[in-house]
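Indexing begins at 1, ligand by ligand and atom by atom, following the structure's order. Just so you know, these numbers use all the heavy atoms, side chains as well, and skip hydrogens, waters and symmetry mates. We're numbering straight along the sequence, starting at 1.
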Amino acid sequence: MTIKIGLTGGIASGKSTVLGYLKELGAKIVDADKVAHSVYAKDKASYFKIIQVFGNDIVNKNDQSIDRSKLGPIVFSDPSQMKKLTDIVYPEMKQLIKEEIAQVEQTQSHKVVVLEAAVLIEAGLLDLVDKVWVTMVPKEVAIDRIMKRNNLSIEEATKRVNFQSPNEERTKHADFVVDTNYPDFNITKNKVIEEFNKLLYNNSKL
Ligand SMILES: CC(C)(COP(=O)(O)OP(=O)(O)OC[C@H]1O[C@@H](n2cnc3c(N)ncnc32)[C@H](O)[C@@H]1O)[C@@H](O)C(=O)NCCC(=O)NCCS
Ligand SMILES: Nc1ncnc2c1ncn2[C@@H]1O[C@H](COP(=O)(O)OP(=O)(O)OP(=O)(O)O)[C@@H](O)[C@H]1O
């Protein structure tokens, strides 16, 4: 049997760091951001729907591809526009993720598959996983990390954090909360290894 972990967390909460540890432990990674990007391809049903809703201005004139860098500013500054986009993107994204996970289950290529998705809960992906892991730092720490990492003002960094759901929304669904608010990355790493092994060796599904 394959154990399916959904990994989510707010911006700059340590998702990529934890994902790196899980990869080292041998888990297969499914990256929801990447899958979401793939639905913009011309052979996907979402392609035409997105152009219908957002118009030709978001299309690259040379190759007719959708330019995400034009779409981003429209949707990230207006939740109602983001809702219009995700109403189109999420169903196709979920179907593709389902297929990717099924492939791992069928071939039994990996014992653990991790679905990394910033919007695991919002996109209705909870039913695809057995366990939910949530990376978390206090809001002020996230803001501080973004200011340093992305070289942004406190206002810009705060805007990015506020765009996403609050930590409490996510931790409500968590089987395991990965607190990454430690200067020493090894503390985070050891917690991840411990929980991973618990899951792998105490799991009746295996
Ligand atoms: C708006 C789009 C076109 C911008 O693409 P672009 O390549 O410029 O940015 P990218 O996808 O790398 O996103 C930047 C960051 O924002 C996060 N993010 C993207 N969409 C959302 C959202 N709806 N809610 C919260 N965070 C989001 C991503 O996880 C990532 O950390 C793209 O993010 C998108 O299609 N978003 C809607 C689908 C979605 O929710 N994707 C996230 C799946 S985890
Ligand atoms: N103990 C720690 N564990 C994880 N990350 C830490 C820790 N201490 C500091 N950080 C820093 O937090 C920042 C965010 O980490 P990471 O990129 O893994 O987060 P993320 O959730 O994937 O971010 P985003 O959603 O913005 O891509 C990084 O700059 C990282 O160096």
Side-chain angles (χ1 to χ4, degrees), residues 6-23 29-41 44 46-47 49-51 53-54 58-60 65-94 96-97 100 114-126 128-129 133-152 156-157 159-167 169-170 177-193:
L7 176 66
T8 190
I11 184 166
S13 63
K15 284 186 303 299
S16 310
T17 307
V18 169
L19 199 71
Y21 301 149
L22 288 166
K23 212 171 172 179
I29 309 299
V30 177
D31 178 342
D33 273 341
K34 241 193 221 163
V35 179
H37 293 169
S38 76
V39 311
Y40 290 85
K44 296 288 191 295
S46 300
Y47 173 83
K49 293 185 195 162
I50 291 167
I51 296 172
V53 172
F54 291 95
I58 60 153
V59 175
N60 279 313
S65 63
I66 292 175
D67 188 342
R68 296 200 311 272
S69 71
K70 290 197 181 124
L71 194 49
I74 300 170
V75 295
F76 283 125
S77 61
D78 182 347
S80 72
Q81 295 292 335
M82 179 59 97
K83 167 95 173 54
K84 281 188 199 162
L85 178 66
T86 54
D87 280 350
I88 299 170
V89 170
Y90 285 167
E92 192 162 21
M93 176 179 100
K94 184 170 182 177
L96 292 171
I97 290 173
E100 244 188 84
V114 177
L115 168 59
E116 187 212 5
V119 294
L120 186 80
I121 298 154
E122 300 85 333
L125 303 175
L126 284 176
L128 300 186
V129 297
W133 287 22
V134 176
T135 51
M136 196 183 81
V137 286
K139 189 173 166 176
E140 316 73 66
V141 177
I143 291 170
D144 192 51
R145 284 182 179 179
I146 299 165
M147 286 170 68
K148 288 189 181 122
R149 185 186 64 182
N150 302 34
N151 207 11
L152 288 175
E156 275 301 317
K159 215 161 110 185
R160 293 204 182 183
V161 171
N162 285 343
F163 183 80
Q164 300 192 328
S165 324
N167 282 329
E169 266 315 303
R170 278 183 287 270
V177 174
V178 196
D179 179 353
T180 71
N181 193 16
Y182 298 100
D184 181 358
F185 280 63
N186 278 319
I187 298 178
T188 308
K189 186 173 186 175
N190 289 333
K191 284 182 185 199
V192 167
I193 294 173

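Closest of all the heavy-atom pairs between N181 and P138 is ND2-CD, 3.6 Å.
Closer than 4.0 Å to atom 11 (C) of ligand 2 lies at least one heavy atom of the protein. For atom 15 (C) of ligand 1, the nearest protein heavy atom lies 4.0 Å away or farther.
With respect to atom 29 (O) of ligand 2, the closest heavy atom belonging to the protein is R149 CD, 4.1 Å. In terms of protein heavy-atom proximity, atom 4 (C) of ligand 1 is closest to F76 CE1, 3.9 Å. The protein heavy-atom contact nearest to atom 26 (N) of ligand 1 is Q164 NE2, 3.4 Å.
Not one N or O on the side chain of K84 forms a donor-acceptor pair closer than 3.5 Å with the backbone of V53. Put simply, the side chain of R170 never gets that close to the backbone of V134: no donor and acceptor are under 3.5 Å apart.
Of the candidates K189, E116, R145, R145 brings a heavy atom nearest to atom 9 (C) of ligand 2. Here atom 11 (O) of ligand 1 lies nearest to H37 when heavy atoms of K34, M93, K15, H37 are compared. Considering only non-hydrogen atoms, atom 44 (S) of ligand 1 lies nearest to D33 out of I11, I66, D33.
Among the atoms of A12, some N or O lies under 3.5 angstrom from an N or O of ligand 2. Considering backbone and side-chain N/O atoms, T17 comes within less than 3.5 Å of an N/O atom of ligand 2. Ligand 2 has no N or O atom lying under 3.5 Å from any N or O atom of I11, backbone or side chain.
Close contacts between ligand 1 and V75 involve ligand atoms 1 (C) [criterion: under 4.0 Å to a heavy atom]. Using a 4.0 Å cut-off to heavy atoms of A118, the atoms of ligand 1 that qualify are 29 (O), 44 (S).
Neither the backbone nor the side chain of E122 comes within contact range of ligand 1; no heavy atom lies under 4.0 Å.
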